[in-house]
Amino acid sequence: MATRQDIRIACVMVGLPARGKTYISTKIRRYLTWLGIKTQVFNVGGYRQRLAGLNKPHTFFDANNSDAMNQRKEAAEAAMKDMIQWFEKEKGTVAIYDATNGTRERRAWLRQELAAHDIEVLFIESLCDDEKVILANIRDVKLSSPDYEGINPDDAAKDFMERIEHYKEFYETLTEDDYTYIKLIDVGKQYVINKVHGYLESKIVYYLMNLHVRPKRIWFSRHGESQFNLEDKIGGDADLSPRGQMYADALPELIEKHLGDRPLTVWTSSMKRTIQTARHLQYPKKHWKALDELNTGVCDGMTYQEIEEQYPEDFARRDEDKFNYRYRGGESYRDLVLRLEPVIMELERHENILIIAHQATIRCMYAYFMNLEHDELPYARIPLHTVIELVPRAYGCEEKFYKVNIEAVDTYRPKVPPRTTSNQLKEHETSRIGASGEIADISLPVLPL
Ligand SMILES: O=P(O)(O)OC[C@H]1O[C@@](CO)(OP(=O)(O)O)[C@@H](O)[C@@H]1O
């Protein structure tokens with residue numbers, strides 16, 4: 001049996017077409033990957049398109065079409081095979097099997113195959129009878145699918161509705177009492193949870209219960225330029241500089257312009273520089289300790305140059321792996337992601353939020369929405385005196401940067417190429433000299449300035 005360390009879970013989606021299964025799959029993958037849990041989606045529709053070709057009319061989905069049924073079964077099996085291989089070879093933790101899986105027979109097959117490989121199964125069913133939601137989903141997502149390329153949108157929508165009818169003929173909602181499952185009914189109106197026990201399963205279920213699909217906007221802003229920013233110092237709890245105060249003065253107008261008549265809540269960290277930046281904003285405010293800047297431990301209040309002189313090994317290790325490097329007595333970006341998880345959960349629940357925080361904390365939240373890898377996250381550009389607007393869409397976020405015309409220092413430190421130690425350099429130099437003493441054509445690595 002799988003032990004606590006090597007737990008493997010397959011989230012098996014269940015639901016008629018256009019019930020948001022792919023949306024849910026993408027969200028789970030993004031959330032777990034952000035937390036550092038290896039996750040992959042296996043979309044059976046994609047396998048079907050590769051095996052049977054594109055532009056299939058609704059008749060292809062008729063259960064009486066035996067050729068098509070065979071091809072669809074083949075696609076389901078191919079996705080299952082790849083998923084199991086991914087668990088074995090890539091040492092994955094959570095796979096999401098995205099398909100309708102609308103019969104008891106199909107689900108029993110899935111569960112049996114997965115159990116044979118010690119993979120736990122969490123079924124996730126999305127049930128929805130709200131015509132408006134279904135039509136919006138078809139319009140926003142399905143019509144741009146490769147299945148309907150070059151087809152008139154009205155004809156495509158009609159065809160898709162007919163496709164759904166074919167699935168309805170044999171669809172069976174989850175009633176298997178011995179299965180682990182969550183049913184999401186009418187996008188968050190009701191949930192049914194059955195036999196959910198494990199830590200990771202509970203985490204996924206809790207996340208799903210916090211999702212909503214109402215339109216929203218998220219704004220991120222760093223605090224205005226601080227006294228420490230001016231002096232190149234990191235950490236601390238400094239006041240705003242005079243230019244930082246000018247940014248705080250300018251912020252209400254910029255927010256009003258882009259907010260329109262939507263309601264807004266402002267979240268800041270518990271540090272002086274973010275609270276001072278929010279002081280002229282006339283909206284409900286909340287101060288979160290979780291939004292405080294990365295704790296730089298013994299390096300708090302130092303400049304990068306001072307850190308390099310006093311802690312050269314630490315400084316180099318941070319450049320090598322910035323996401324995992326933990327300041328002595330402080331935090332790493334990885335720690336920060338975990339600290340910010342409750343904030344992300346709240347962000348998913350809420351509608352329009354403006355977050356005034358810090359370079360590192362905003363990087364982590366931005367990475368969640370923009371799907372950045374862990375190695376790119378600590379290098380995301382979050383400039384001072386700039387508001388970033390994110391508008392979540394079906395499978396990602398639209399972003400806009402609004403720069404306020406008030407000068408500020410640039411606190412960005414680009415990724416430094418790996419250092420070459422003096423020993424490595426000696427080895428490299430000797431290898432340049434061939435056996436005969438001739439200079440071989442090997443170029444030296446570029447050293448950082
Ligand atoms: O991870 P790096 O790139 O060092 O950026 C984080 C740093 O950004 C700073 C500014 O250099 O943020 P902030 O302006 O919010 O104070 C430091 O306090 C913090 O340690």
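We number each residue from 1, following the sequence as shown. Whatever order the structure lists ligands and atoms in, that order sets their numbers, starting from 1.
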Margin query: Can you confirm, on distance only, whether ligand 1 has an N/O atom lying under 3.5 Å from any N/O atom belonging to Arg273?
Written below: yes
Check: Going by the atom numbers of ligand 1, which of them fall below 4.0 Å from some non-hydrogen atom of Lys322?
Finding: 1 (O), 2 (P), 3 (O)
Item checked: Polar side-chain atom of Asn229 near backbone of Ser226 as donor-acceptor pair, under 3.5 Å -> yes
Next item on the list: State the atoms of ligand 1, each with its element, that fall below the 4.0 Å cut-off from a heavy-atom position in Arg363.
Entry: 1 (O), 2 (P), 3 (O), 5 (O)
Margin query: Other residues, nucleotides and ligands only: do more than 12 of their heavy atoms fall within 6.0 Å of NZ on Lys403?
Written below: yes
Check: Nearest heavy-atom pair of Glu225 and Arg243: which atoms, and what distance?
Finding: OE2-NH2, 2.7 Å
Note to self: List ligand 1 atoms under 4.0 Å from Gly235, heavy atoms only on the residue side.
What the structure shows: 17 (C), 18 (O)
Check: Side chain, backbone, both or neither: which part of Ile234 comes within less than 4.0 Å of ligand 1 when only heavy atoms are counted?
Finding: both
Next item on the list: Could you list the residues that satisfy salt bridge (charged side-chain N to carboxylate O under 4.0 Å, His left out) with Asp232, not counting sequence neighbours?
Entry: none
Note to self: Could you identify the single nearest non-hydrogen protein atom to atom 19 (C) of ligand 1 and state the distance to 0.1 Å?
What the structure shows: Glu293 OE2, 3.4 Å
Check: For Tyr333, is the nearest heavy atom under 4.0 Å from an atom of ligand 1?
Finding: yes
Check: What atoms of ligand 1 come within less than 4.0 Å of a heavy atom belonging to Thr296?
Finding: 20 (O)
Check: Is it the side chain, the backbone, both or neither of Asn229 that has a heavy atom closer than 4.0 Å to ligand 1?
Finding: side chain
Note to self: To check your reading of the model: name the closest protein heavy atom to atom 8 (O) of ligand 1, its residue, and the distance in Å.
What the structure shows: Gln359 NE2, 3.0 Å
Next item on the list: Considering only non-hydrogen protein atoms, determine which one is nearest to atom 13 (P) of ligand 1 and report residue, atom name and distance to 0.1 Å.
Entry: His223 NE2, 3.3 Å
Item checked: atom 14 (O) of ligand 1 [closest protein heavy-atom partner, distance rounded to 0.1 Å] -> Arg222 NH2, 2.8 Å
Checklist line | Crowding at CZ, Arg349 (>12 non-hydrogen neighbours, <6.0 Å) | finding: no
Checklist line | With sequence neighbours excluded, residues passing side chain to side chain donor-acceptor pair (under 3.5 Å) with Glu399 | finding: Tyr366
Item checked: Arg30-Thr39 side chain donor-acceptor pair, cut-off 3.5 Å -> no
Checklist line | For Arg318, atoms of ligand 1 separated by under 4.0 Å from a heavy atom | finding: 1 (O), 2 (P), 4 (O)
Item checked: Neighbour count above 12 (heavy atom, 6.0 Å) for Lys400 NZ -> no
Next item on the list: Hey, could you give me the OH/CG distance between Tyr31 and Leu208, rounded to the nearest 0.5 Å?
Entry: 9.5 Å
Next item on the list: Could you list which atoms of ligand 1 come closer than 4.0 Å to a heavy atom of His358?
Entry: 15 (O)
Checklist line | Ligand-side contact atoms (ligand 1) for residue partner Tyr304, heavy atom cut-off under 4.0 Å | finding: 2 (P), 3 (O), 4 (O), 5 (O), 7 (C), 11 (O)
Item checked: Atom of Leu230, atom of Ser241 and distance for their closest heavy-atom approach -> CD1-CB, 3.7 Å
